[in-house]
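All residue numbers in this chain count up from 1 along the given sequence.
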Amino acid sequence: MARSDNLTGALLMMGSMAAFTFNDAMIKGLAGSLPVFQVMFLRGILTTLMVGAVAWWMGALARRLPREDWGPVFWRMVGEIGSAYFFVTALYHMPIANISAIMQALPLTITLAAALFFREPVGWRRMAAILVGFIGVMLIVRPGTEGFTIYSVYGLAAVAFVTLRDLATRRLSRDVPSMLVTLITSASIMAAFGVASLTEPWVPVDGRSALLILGASVMIIGGYLCSIMVMRVGEISFVAPFRYTSLVWALLLGWVVFGDWPRTITLIGAAIVVASGLFTLYREAQVNRRARMARQRELSLGPRPR
């Protein structure tokens, strides 16, 4: 793999994480001005229109979703809607760096869930890293302490729903266009929050709120596009660790925009989670590399004589 490809992949991953985190900051900027359901519905309209345009341009709308992929797409929608609700609600009430630190546990929960539900092999080293990472998560949410609130639980629920989404994504056929799945997901979020917004009074949208919603829509589309392109460039083992740059952006935006800086114990917990996730990614890359080398050896030896 050319070094320039890895560098391009790393830049795309960092760009994706920056875009998603700026989206989070803009959504958080609406806290106290607009209710969650209304914000998510309005952003969903803009996002769906933008995704639809990109999907049409890429020719994804001409493809049909195979029947065997209906189930995974349904569960992916459930995961996306649930994670959006719990994450944005927690984001409204928690420092952006705190909720971002909780979300860094995703590589750990996905690895554990894949082992439990898909029987993917996980050695004792990765299992130990997962357990250590969960200790880090507990340091962030600090159950039973003064800083623990229901929104800490919402953050953990968001992790669970994103894990469901990513596990469902793994079950999709390889020939399903990513933008078609993204469009279906975006439309489902728009519809779900549109119905939910009818349960509460609507609030007039002023110029500031409209700009934040528009900016959040643009950022989330940019994040989606970068995350799709990054899967086509560079080695996953090299590119994946750069997802943790989202925590750097969350710390910076939380401090500069909202005047929040996490407590020392939260930073320690975040460091443990990140270190555990990096080790898990490293071990997974090692296992995959050994498996590829073993297959190459088998191919080079050829079929055994009978």
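Under 3.5 Å, the side chains of S209 and D206 contain a donor-acceptor pair of N or O atoms. For the 3.5 Å distance criterion, the side chains of Q104 and S246 qualify, holding a donor opposite an acceptor.
Annotation for A25 and F258: closest pair O-CZ, 3.4 Å, computed over non-hydrogen atoms. Counting all heavy atoms, side chain and backbone alike, I272 lies closest to L139 at CD1-CD1, 3.7 Å. Nearest heavy-atom pair, W261 versus L267, reported as atom, atom and distance to 0.1 Å: NE1-CD1, 3.8 Å. Taking all atoms of both residues into account, the shortest heavy-atom contact from L225 to M179 is CD2-SD, 4.2 Å. Shortest non-hydrogen contact noted between L106 and R243 is CD1-NH2, 4.1 Å. The shortest heavy-atom contact between L247 and A270 is CD2-CB, 3.9 Å.
For the pair T89 (side chain) and F86 (backbone), a donor-acceptor distance under 3.5 Å is absent. In this structure, the side chain of Q38 engages the main chain of V203 through a donor-acceptor pair within 3.5 Å. With hydrogens and angles ignored, the 3.5 Å screen pairs a side-chain donor or acceptor of S188 with a backbone N or O of T185.
Aromatic ring orientation, H93 versus Y151: parallel (interplanar angle below 30°, classes split at 30° and 60°).
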TODO: May I have the step-by-step check of side-chain contact (heavy atoms from CB on, under 4.5 Å) for L30 and Y92, ending in yes or no?
DONE: CA-CA 8 Å; L30 294 166; Y92 260 38; 3.8 Å; yes
